[in-house]
2 protein chains.
Amino acid sequence: MVTGERRARRRGEPLSRERIVEAAIGLLDSAGEGGLTFRALAERLVTGPGAIYWHVTDKDELLSAATDAVVASTMTTDTAGATPQEAVRALALGVFDAIDAHPWIGTHLARDPWRSPVLRVFEHLGRQVRALGVPDTDLFTAASALLNYILGVGGQNAADGRGYGPDANRTEILTTVSDAWEALDPEEYAFTRAVAGQLRDHDDRVEFLAGIDLILTGITARLNPA
Amino acid sequence: MVTGERRARRRGEPLSRERIVEAAIGLLDSAGEGGLTFRALAERLVTGPGAIYWHVTDKDELLSAATDAVVASTMTTDTAGATPQEAVRALALGVFDAIDAHPWIGTHLARDPWRSPVLRVFEHLGRQVRALGVPDTDLFTAASALLNYILGVGGQNAADGRGYGPDANRTEILTTVSDAWEALDPEEYAFTRAVAGQLRDHDDRVEFLAGIDLILTGITARLNPA
DNA sequence: ACCTGAACACCGTTCAAGT
DNA sequence: ACCTGAACACCGTTCAAGT
């Protein structure tokens, strides 16, 4: 009977790696990176903290699993019938939006280099780069450049979302930053001050894609020399 | 006399923000990100942990200050007489090498977006982009693309250095990763497997610069359309 | 003004004990 | 096999008390 009661409390489902990762994602989304705690997780799953260690080795492994789950779900974009350029944009935007929705993955992607979540993105980018007609010797460089740019933006955006709280308005953030830039030392930060105004009415996604296009242009410029 | 003894113990210098940051950098370099502890720092400075809080608000602020100090020192590269392209390469390489020497800044740069360390790099990149002749409306995009790529690579490299320990050989790491890639599922990771061989004899710095050149090509291709 | 160090409120992780 | 929850060894941070 006691066992029956416990089952009921946790909705009949027994503890499993899947349920743990799912709960971790929920915790990370609602409470941020600092919110993921074995104690909080245990409470959500109606167990003790020790139970989680039966299914998961580490907090690091748990974070990786959570990140992987989110990234994998965005990598399903259908790219059939699109040009390689369009496919790259779609892929990149998928990662961008995923980080926007789950800022914590941005931070973790940057620290978990060639493990599965990142590798997945690399693979799909690479296929499109190959479709672009890039010679074998340049494939790695081209795919890496795209990947690293995407991860770089992701890290920055994750930090933005973290630093200003999840409720903060994008335009509000941009205005704040823009104001701060305009107050910088005119000599030491001449360039930054000059572009501060452009920041104010900015679409992050558009800007992100403009960077992707810049790299794509660089890649294809090599293919058809003037 | 007691005061005199204490002074002697800490080499006569009183506690100061500067000394704290300096000690923090030393701790981070020798013991990694996990090694920076207020207790360990206090021991190094021959005080109690509370004393540090008089000069520094936060652990986060301390990390920022440490990162800033390291980045600022690399931003002094003399770019006079160089072409903008050369200057961008020199700047980028400066950041790359700094992260190689202090892997912990890679992680922190990625999470500290528009604060001073990153802004410094952005400013200097921007000046060179402007020197390239990029029109005002595209300045921000071009400088951002370069910056984000650099930060992306930095984050990955920092993670590499962290995951494999500071003593690990670069070529050893590459061999390990390359082997792992070749063992991947042939269908799911067709592209990654195909380029795994290229990874084996790879120069990280050369590869990094190749990515920079790709973006530079993209930037200048816009200037002189075919 | 600046430093001290005990104390508080947390962590991740382990492990004997249970079922 | 799987779960429990107390316990261990740490953290960052605060704060009354000292000089």
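By convention in this document, chain letters (A, B, ...) are assigned in the order of the sequence lines, proteins followed by strands, and residues within each chain are numbered from 1.
- The six-membered or imidazole ring of B:Y149 lies away from that of A:Y149, with a centre-to-centre distance of 6.0 Å or more.
- Under 3.5 Å, the side chains of B:E33 and B:T107 contain a donor-acceptor pair of N or O atoms.
- When the side-chain nitrogen and oxygen atoms of A:H55 are compared with OP1 and OP2 of D:dC3, one or more of them lie within a distance under 4.0 Å.
- At distances below 3.5 Å, not a single donor-acceptor pair connects side-chain atoms of A:R127 with backbone N or O atoms of B:F191.
- Using modelled atom types and a 3.5 Å distance limit, the side chains of A:E207 and B:S144 yield no donor-acceptor pair.
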Q.
Protein within reach of the bases, or only the backbone? For nucleotides 6-17 of chain C, mark each nucleotide 5' to 3' as B, S or -, using heavy atoms under 4.0 Å.
A. -B---BBBBB--
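- When ring centroids are compared, B:F122 and B:F140 come within the 6.0 Å threshold.
- Under a 3.5 Å cut-off, the side chain of A:E182 and the backbone N or O of A:R193 do not form any donor-acceptor pair.
- Proximity of A:W54 to the phosphate of D:dC2: a side-chain N or O atom is located under 4.0 Å from OP1 or OP2.
- Distance CG (A:L15) to C1' (D:dC2): 9 Å, rounded to an integer number of Å.
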Q) Which dot-bracket string describes DNA chain C (Watson-Crick N1-N3 plus N6-O4 or O6-N4, or G-U N1-O2 and O6-N3, all under 3.5 Å; [ ] crossing; | other strand)? A) ||.|||||...|||||.||
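- For the pair A:I52 CD1 and D:dC2 P, the computed distance is 16 Å after rounding to whole Å.
- Proximity of a side-chain donor or acceptor of A:S178 to a complementary backbone N or O of A:A196 within less than 3.5 Å is detected.
- Atom CD of A:E61 sits in a crowded spot, with more than 12 heavy atoms from other residues, nucleotides or ligands closer than 6.0 Å.
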